[in-house]
Amino acid sequence: ACVAAFVLVAKSHNGLLLTGHEASHQLVFRNKAMNDFFGQYFCSAPFGVGFHRARAAHLDHHHYLLTPLDEKLDQQLDHVSFASFIKHIFAPLFGSYVFKLLSRFLGVKVQRRARPEFIYPADQARADLRAIIIVQLILIIGLTLIDWRLYPFFWILPLVTLTAMFHNAKGFLDHLRWPDESEGILYTYKPGVLDRLFFGTQQVYHAEHHLFPHVPHYRLRTLNDEVSKLSMVRQRRGYVRSLLRFGHSMTKASA
């Protein structure tokens, strides 16, 4: 039961993070104040993420796709090999996100490919920090009143391990290019059972989202028939199958 709860919590984490992505595009509520409040306090702050910072970084991702100005460039492989692929996919499971966070907090320079230049005003940074502190205190108090183990072992531990791994893996898959594919390709996925179990599926129509970023995720499917005809779009079977296929191709290349 504990293992199942751990996995379900991580799945819920990723689902809420994807809802926060919708909020960053102002697609959850039409009212901007309500949309931003929900995105900040319900979808970002519970995970220690600054909503306004995440929005600024994500909008740059759309404008500067996989260039040094795009933070998601760090979720792609610099040197493609089977060893680097395994390390990239599984390092978050062992706390690599925590290590990077602590390194930045302590002023240790972390090597990265991306060089984002988005504007993050001081008032937004303070609002993000305030939201994170308030929500974390609510979580600590509320969960501890039920059982002291819930917050550290069934909120924080899944967040910095399983949630981080699948969040990073999805970011990797969203723009993973096979050796025989040209640059500038966008991908749409057909999720399988394992994808639905471990990954959030709100952004399986990823190509459609990049082409029509102001369309909410539940309407992207209606665009699939037309978008799939474009030469820049590729259809893939699912996240897990794609990871296995890429790992297999790296194994063959290493051999």
Side-chain angles (χ1 to χ4, degrees), residues 1-21 43-50 53-54 57-58 61 66 70-105 110-114 136 139 149-177 187 189 191-204 206 236-251:
C2 288
V3 172
F6 196 92
V7 172
L8 288 173
V9 167
K11 166 70 182 299
S12 299
H13 283 168
N14 277 311
L16 273 177
L17 286 167
L18 286 172
T19 303
H21 161 264
C43 303
S44 296
F47 313 109
V49 175
R53 187 194 183 285
H58 186 70
H61 166 64
L66 296 187
D70 177 9
E71 278 199 330
K72 286 202 172 183
L73 183 64
D74 288 331
Q75 291 181 314
Q76 299 303 308
L77 291 175
D78 188 9
H79 303 291
V80 179
S81 67
F82 182 72
S84 64
F85 166 69
I86 292 297
K87 179 181 178 182
H88 184 71
I89 295 299
F90 290 103
L93 184 63
F94 299 96
S96 65
Y97 275 32
V98 177
F99 174 76
K100 291 177 182 178
L101 180 63
L102 289 175
S103 297
R104 292 177 186 175
F105 180 76
V110 178
Q111 185 177 4
R112 57 186 308 197
R113 298 170 65 195
Q136 292 303 316
L139 283 170
R149 294 166 291 189
L150 290 181
Y151 181 77
F153 296 115
F154 288 93
W155 187 264
I156 295 300
L157 190 58
L159 177 62
V160 300
T161 55
L162 203 59
T163 301
M165 184 182 78
F166 284 106
H167 177 74
N168 181 70
K170 185 185 180 304
F172 172 66
L173 286 166
D174 281 344
H175 300 285
L176 169 65
R177 183 166 60 93
Y187 309 102
Y189 289 88
V193 175
L194 290 178
D195 300 321
R196 297 182 184 279
L197 179 62
F198 294 109
F199 291 92
T201 56
Q202 291 155 285
Q203 279 297 315
V204 291
H206 191 256
R236 289 184 174 166
R237 295 289 297 275
Y239 297 128
V240 174
R241 282 175 178 249
S242 295
L243 281 175
L244 292 174
R245 177 186 169 188
F246 187 80
H248 180 65
S249 66
M250 291 299 97
T251 303

- CZ/Phe99: more than 12 non-hydrogen atoms of other groups inside 6.0 Å: no
- Message: Does atom CZ (Arg241) have a neighbourhood of more than 12 heavy atoms from anything else shown, all under 6.0 Å?
- Response: no
Measure the shortest side-chain to side-chain distance between [X] and [Y] over non-hydrogen atoms and say whether it is less than 4.5 angstrom.
X: Leu139; Y: Pro46; answer: yes
X: Trp155; Y: Leu150; answer: no
X: Tyr187; Y: His206; answer: no
X: Phe154; Y: Cys2; answer: yes

Go through the structure and list residues passing side chain to side chain donor-acceptor pair (under 3.5 Å) with [X], not counting sequence neighbours.
X: Gln75; answer: none
X: Gln76; answer: none
X: Thr19; answer: Gln202
X: Tyr239; answer: none

- With Leu77, which residues qualify under side-chain contact (heavy atoms from CB on, under 4.5 Å), at least two apart? Val80, Ser84, Phe85, His88, Phe172, Phe246
- Query: With sequence neighbours left out, what residues match Ala57 under side-chain contact (heavy atoms from CB on, under 4.5 Å)?
  - Reply: Arg53, Glu71, Phe118
- Item | Distance in Å, Phe47 CZ paired with Leu159 CG, rounded so as to fall on 0.5 Å steps | 7.0 Å
Mind listing the side-chain donor-acceptor pairs of residues 5-16 below 3.5 Å, one per line with the distance, residues two or more places apart or on another chain?
{"unit_1": "Lys11", "atom_1": "NZ", "unit_2": "Arg196", "atom_2": "O", "d": "2.5"}
{"unit_1": "Ser12", "atom_1": "OG", "unit_2": "Leu8", "atom_2": "O", "d": "2.9"}
{"unit_1": "His13", "atom_1": "ND1", "unit_2": "Thr163", "atom_2": "OG1", "d": "2.9"}

- Task: Test Gln136 against Tyr151 for side-chain contact (heavy atoms from CB on, under 4.5 Å), laying out the working first.
- Result: CA-CA 10 Å; Gln136 292 303 316; Tyr151 181 77; 2.5 Å; yes
- Task: Salt-bridge test for Asp74 and Arg113: reply yes if a basic N is under 4.0 Å from a carboxylate O, no otherwise.
- Result: no
Can you see which heavy atom on [X] is nearest to which on [Y], and at what distance?
X: Val240; Y: Asp195; answer: N-OD1, 2.8 Å
X: Gly20; Y: Cys43; answer: CA-CB, 3.5 Å
X: Ala169; Y: Phe199; answer: CB-CE2, 4.1 Å

- Query: What residues form a salt bridge (charged side-chain N to carboxylate O under 4.0 Å, His left out) with Lys170, not counting sequence neighbours?
  - Reply: Asp174
- Message: Applying salt bridge (charged side-chain N to carboxylate O under 4.0 Å, His left out), can you list everything that pairs with Arg149, at least two apart in sequence or on another chain?
- Response: Asp147
- Query: So, Gln203 and Tyr189: side-chain donor and acceptor under 3.5 Å apart, yes or no?
  - Reply: no
- Task: Show the numbers, then the answer: is there a ring-ring contact (aromatic ring centres under 6.0 Å, His included) between His175 and His61?
- Result: CA-CA 11 Å; His175 300 285; His61 166 64; 5.0 Å; yes
- Query: Looking at residues at least two apart in the chain, or sitting in another chain, which of them share a ring pair (Phe, Tyr, Trp, His ring centres under 6.0 Å) with His167?
  - Reply: none
- Query: How would you list, by chain and number, every residue that makes a ring pair (Phe, Tyr, Trp, His ring centres under 6.0 Å) with Phe198, sequence neighbours excluded?
  - Reply: Phe166
- I would like to know whether Tyr97 and Val160 meet side-chain contact (heavy atoms from CB on, under 4.5 Å); could you show each step before the answer? CA-CA 7 Å; Tyr97 275 32; Val160 300; 6.0 Å; no
- salt bridge (charged side-chain N to carboxylate O under 4.0 Å, His left out) pairs touching residues 80-95, sequence neighbours excluded, are none
